[in-house]
There are 2 protein chains.
Amino acid sequence: MTRMDIQKIAQMAQVSRSTVSRVVNNQPDVHPEVRQRVLQIIRETGYQPNSAARSLRNKQSDILGLVICNTVGGLFTDPYFPQLTQGIAQSCNHYNKTLSLFLEGDPETIYPRLTRRGQLDGILLQVGNTDDTLVKKLMKTDIPFIVLGRPMQSGVSYIDVDNVSGGYLATLHLIRLKRQRIGAIHCSLLTTTGLDRKEGYLKALHERNIPIREELTAEGDYSEPSGYRAMLQILPHHPDAVFVGNDMMARGAIRAIQEAGLSVPNDIAVVGFDDLPPAVSASPLLTTIRQPISRLGACAVDILLDMIEHGPQPPQRVMMDVELVVRESSGERIA
Amino acid sequence: MTRMDIQKIAQMAQVSRSTVSRVVNNQPDVHPEVRQRVLQIIRETGYQPNSAARSLRNKQSDILGLVICNTVGGLFTDPYFPQLTQGIAQSCNHYNKTLSLFLEGDPETIYPRLTRRGQLDGILLQVGNTDDTLVKKLMKTDIPFIVLGRPMQSGVSYIDVDNVSGGYLATLHLIRLKRQRIGAIHCSLLTTTGLDRKEGYLKALHERNIPIREELTAEGDYSEPSGYRAMLQILPHHPDAVFVGNDMMARGAIRAIQEAGLSVPNDIAVVGFDDLPPAVSASPLLTTIRQPISRLGACAVDILLDMIEHGPQPPQRVMMDVELVVRESSGERIA
DNA sequence: TTGAAAGCGCTAACAC
DNA sequence: GTGTTAGCGCTTTCAA
């Protein structure tokens, strides 16, 4: 079957191209019978408008870009990214937008690919660390974009989960359980995620007048083995609880604790962050902070589409609530 | 800065649009001085050609589509997909192609999005199960596509890892270690992956005249908990080894074995499949089949681009080698 | 070596 | 309610 275009459809239906266009775009002012005839032919021929021509004419591609770069822990070890991507993809699908994916380490090479005129209507930007090169460059363009997670750079729209509150809730939970020596394994402090969760942890300790012990604190890179290593550092200082910056590291920490002959939660209570199925489901079931990853992605798309539709707006800041999910690893209240 | 187009650049450089176009596309027959002048202005203005106009004119979008749908185990639990996606994305980047992502369950809704004229130059199709609806539909179009993994449908180009050989190698390893009662936890048999790995397992047993015991076999869905449950089914029948269809399930199986008070590898040897970092790195270190996931993605892009460039070709079938990686979970040779 | 001009397929004034 | 027409920004004959 030869390639269809609007002209051919018009001829077959004995109407003008405009009329076909009107039918295709569901515009009024087409005689019902004519509309049916055109629709019928479109169906028969499997005609689909050429999207390049449409983009050119409409100055809109209906393509959104998702940039994931500079992630500290890597794309592989953390199920966070698949889940986020899935949330965004579903939302794009709902709005009949195409999603283009840009995975890369180097902002310099990714930038020109993002700014090809007419290629992308808007951009979702996941910046893994505090290097805001891409954010700064994008601010100079007229492409609407929204940052996923809190950027260091101010003056841009972003959407984030309330990481401070998450760290706070997790730590407070451990305090209420009467734990005395509450340690923390932080995500990289080069990320706002790491910074914010730590801030929540410190805030809770401070509020309850619990002294902060540096030696009960270590840093990981989001991966399971890094959680294991971090726990090994803390263990000699006899923590009775630990708040871990994400679930994967929490698993590693639990492994270290158990290998040291100690019990979770009896000897050491553990709270994670993320609530991602694969990390949570092992034994003991992980007490953790649930963040609405898919919803965050979906919400980001909503905001971005709004920005695209209504032009420049003051920077938006959206915060998604987190919640504590109590399972086994934090245990019962102790004497 | 007002939006640049080729016309404005031409005016500023005092040449015609054609000349600018020649410079942009690196064509010969432009006076060196003129070329420099134009290049200079392009640099100063940050001009980038409008990609919609280009696509329209060239009948090529430089966009590749990646479809991941109908996955049995879900996108979240299996690090396979991020790794594959990353391999593909890097390769696209190398060839300066844009990658569009289509994640969805329903072939009916995804199909029209894939076939928008002029939107996609070609498609990489990851079909999770034996439902080949999308493959069949795509065969009727003129869009080049390649299937990732072996499809049920014949007559299409695909690239796959040698799953049969993987199952065979894993099982043979266990046989050589003198294990007698070798069980298997299969991936869903609705996938060719599941089918092929099982075939390799059976082939090895058969070759060495080891009786096949149905009761030592169970099925999972690629997730950790499903491996755990499957192992629970097999355990009462006293296996002394088990080949597990992927690493995540292998982790679950190990957990079940250990909770039953048995040791890996002393009581039961375990071999997985995938060699994915998060699953492999826990204790005991997992013996597994390594498949070159990133390379498969990269290779798929190569083939697809070749198909796009050189038009219709007879279906290609490419097989990637796998290898056995021996670590701790399969243990030493026993008496 | 360069420029003029046609046209890729579509949409939206505008005129009828 | 329908058709005519003028571009959207680019590449590429073709002629100079």
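We name chains A, B, ... by the order of the sequence lines, and we start the count at 1 in each one.
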message = Please report the distance, rounded to the nearest Å, between CD1 in B/Ile9 and C1' in D/dT11.
response = 16 Å
message = Between P on D/dT11 and CG on A/Leu56, what's the gap in Å once rounded to a whole number?
response = 12 Å
task = Find out whether A/Leu64 and A/Tyr95 are in side-chain contact, i.e. whether some heavy atom of one side chain is under 4.5 Å from a heavy atom of the other.
result = no
query = Mind checking whether B/Gln83 and B/Ser294 have side chains closer than 4.5 Å, heavy atoms only?
reply = yes
query = Nearest-Å distance, CZ (A/Arg116) to P (D/dG9)?
reply = 18 Å
ask   = Do we see a donor-acceptor contact under 3.5 Å between the side chains of B/Gln11 and B/Gln14?
value = no
key: Whole angstrom value for the distance that separates P of C/dC10 from CG of B/Asn50   = 17 Å
ask   = B/Gln27 side chain N/O closer than 4.0 Å to the phosphate oxygens (OP1, OP2) of D/dT11?
value = no
request  = Indicate whether OP1 or OP2 belonging to D/dG9 is found under 4.0 Å from a side-chain N or O atom of A/Lys59.
outcome  = yes
task = Let me have a per-nucleotide readout for nucleotides 1-7 of chain D, 5' to 3', with B, S or -, counting only protein heavy atoms under 4.0 Å.
result = SBBBBBB
ask   = Is it true that A/Asp142 and A/Arg117 have a side-chain N and a carboxylate O under 4.0 angstrom from each other?
value = yes
Where A/Gln316 and A/Ser157 come nearest, the two heavy atoms and their spacing = N-OG, 2.8 Å
request  = Rounded to the nearest angstrom, tell me the gap between atom CZ in A/Arg54 and atom C1' in D/dG9.
outcome  = 19 Å
query = Touch check for B/Gln60, heavy atoms < 4.0 angstrom, all strands: base, sugar-phosphate only, or nothing?
reply = nothing
request  = Figure out the CG/P separation between B/Asn25 and D/dG9, and round it to whole Å.
outcome  = 17 Å
A/Met4 CE - C/dC10 C1' separation (whole Å) = 16 Å
request  = Would you indicate whether the side-chain heavy atoms of B/Thr19 and B/Val34 approach each other to under 4.5 Å?
outcome  = yes
query = Counting just side-chain N and O atoms, does B/Asn58 come under 4.0 Å of either OP1 or OP2 of C/dC8?
reply = no
message = Using whole Å, what does the distance between atom C1' of nucleotide D/dG9 and atom CD of A/Gln119 come to?
response = 15 Å
key: N/O (side chain, B/Tyr47) to phosphate O (OP1/OP2, D/dC10) under 4.0 Å   = yes
Presence of salt bridge, A/Asp62 and A/Arg54, under 4.0 angstrom = no
